[in-house]
Amino acid sequence: SGEQLLMQSEKDIMKRSDHYQVRENMAKAYQFAGTNQMADGIKPYPADVISNDGQTANLSQKYFIEKVLEPHRYKLVGQIFDTYLILEADHFLYLIDQHAAHERVVYEQLLSDVKNAAIEIQEILEGQIYELTVAEMDWLLAHDHLFRKMGFLFQPFGSQAVRLSGVPYHLGMPANEDFLFQLMDELMEKDWSDQSLPMEKLVRKACRYAIKAHDPLSEKEMIGLLDRLTSLTVPLTCPHGRPIVLQMHHYDLEKLFKRV
């Protein structure tokens, strides 16, 4: 089971601690996060601790979701840099990227809504104004139904501009106006039918430009985000592959301070 695997991994780490360096410990953290992003010189842990195919990392993440987050078996230490949440559970420290976590949660919800034709649109009184070329303006108005399918509503604002008047309820107001041009670039490549529309790619792009980073969160908001993470499947990454959570064993922290 994931719990037995985690306990055995702890024992292995303790027994072999003299053979591991801090950078190798960080490699384990990256493996747990389900990403291959490791700095030069970082060596992966042996196969019996973290498997090369990532299955062990996924099992550990499943344990994190089912045994730590779902039953609330953690101590919420707080938020740092308005970006990362810190949790303490058993003998582990967990760092959670709130931006990556929120983006993945919103992506899954919005994609499900779009696929089930259950998109909920929130109308806004004051929207963002986008200035377009004549060709872009003509194309956007002719393909308004594609954006409406994703939950975005536009209205003409003069002869060469549009105003964003509605957004997907789960997404909120885009934080960056580049999102519209990114979506248009994707869609203008060819004439898409509703059946062939690359919804996963479009929703992924929309989420990337819509989620805001560096937001201070209240304790209630932090717990709410952690609760929403329990609906995700492993690997725990954002839609673009960045890790959502990293873990560090208590013993690894002791080593950093040369207490052991």
Side-chain angles (χ1 to χ4, degrees), residues 82-83 97-133 135-189 191-218 220-222 224-229 231-232 237-242 244:
D82 290 340
T83 303
D97 184 331
Q98 69 185 46
H99 173 257
H102 189 199
E103 187 175 5
R104 171 70 182 277
V105 167
V106 171
Y107 168 78
E108 297 288 354
Q109 181 64 63
L110 183 56
L111 185 61
S112 174
D113 288 349
V114 170
K115 287 184 174 180
N116 295 319
I119 196 73
E120 190 174 351
I121 299 177
Q122 177 182 353
E123 294 190 9
I124 47 182
L125 296 178
E126 294 184 8
Q128 292 177 336
I129 306 300
Y130 299 92
E131 295 184 359
L132 307 172
T133 65
E136 289 172 338
M137 184 75 173
D138 291 342
W139 183 92
L140 182 60
L141 294 179
H143 294 82
D144 175 71
H145 65 287
L146 299 181
F147 290 91
R148 186 178 294 272
K149 185 178 178 67
M150 289 184 288
F152 295 103
L153 302 181
F154 292 96
Q155 295 176 335
F157 191 81
S159 60
Q160 284 186 237
V162 293
R163 182 176 68 88
L164 179 62
S165 59
V167 295
Y169 176 79
H170 294 290
L171 198 61
M173 179 67 75
N176 192 316
E177 65 180 18
D178 286 347
F179 98 98
L180 173 61
F181 300 104
Q182 288 285 331
L183 294 182
M184 288 181 63
D185 287 344
E186 193 73 45
L187 290 170
M188 290 177 73
E189 291 180 357
D191 291 328
W192 299 98
S193 66
D194 285 351
Q195 290 72 32
S196 63
L197 202 61
M199 292 309 306
E200 289 191 22
K201 182 183 291 187
L202 294 174
V203 171
R204 190 161 58 243
K205 282 181 178 287
C207 288
R208 179 176 184 178
Y209 287 97
I211 304 301
K212 301 175 179 65
H214 306 298
D215 287 339
L217 301 179
S218 67
K220 182 178 180 180
E221 289 172 325
M222 286 186 268
L225 178 58
L226 294 172
D227 286 344
R228 294 178 73 184
L229 286 181
S231 66
L232 303 181
T237 63
C238 80
H240 312 285
R242 293 189 301 107
I244 289 175

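- The salt bridge (Lys or Arg N to Asp or Glu O under 4.0 Å) search around E108 returns R104, not counting sequence neighbours.
- Rounding to the nearest 0.5 angstrom, the gap separating the CD1 atom in I129 from the CD atom in Q155 is 9.5 Å.
- By the side-chain hydrogen bond (donor to acceptor under 3.5 Å, both in side chains) test, E131 is found to be paired with no residue, residues two or more places apart in sequence or in another chain being considered.
- Taking each heavy atom of A161 and M137 in turn, the nearest pair found is O-CE, 3.1 Å.
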Review point. Is there a side chain to side chain contact (heavy atoms under 4.5 Å, CB included) between L164 and F154 once you walk through the steps?
Key: CA-CA 5 Å; L164 179 62; F154 292 96; 3.7 Å; yes
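- In terms of heavy atoms, E136 sits closest to F181 at OE1-CE2, 4.3 Å.
- Residues L141 and P156 approach most closely at CD2-CG, 4.1 Å, considering heavy atoms.
- Between the side chain of H102 and the backbone N or O of Q98, no donor-acceptor pair lies under 3.5 Å.
- Note: E103 CD to R242 CZ = 6.5 Å, rounded to the nearest 0.5 Å.
- E221 meets the side-chain contact (heavy atoms from CB on, under 4.5 Å) test with L217, S218; sequence neighbours excluded.
- Listed by chain and number, the residues in a salt bridge (Lys or Arg N to Asp or Glu O under 4.0 Å) with R148 are D144 (sequence neighbours excluded).
- Rounded to the nearest 0.5 Å, atoms CG (D138) and CD (Q160) are 9.0 Å apart.
- Of all heavy-atom pairs between C238 and I244, the closest is N-CG1, 3.8 Å.
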List, one per line, each side-chain donor-acceptor pair under 3.5 Å for residues 112-119, sequence neighbours excluded.
from : atom 1 : to   : atom 2 : distance (Å)
S112 : OG     : N116 : ND2    : 3.3
D113 : OD1    : Q109 : NE2    : 3.0
D113 : OD2    : H170 : NE2    : 3.4
K115 : NZ     : E200 : OE2    : 3.2
N116 : ND2    : S112 : O      : 3.0

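- A pairwise comparison of heavy atoms in L132 and M184 identifies CD2-SD, 4.4 Å as the closest pair.
- The salt bridge (Lys or Arg N to Asp or Glu O under 4.0 Å) check on D227 picks up nothing, with sequence neighbours excluded.
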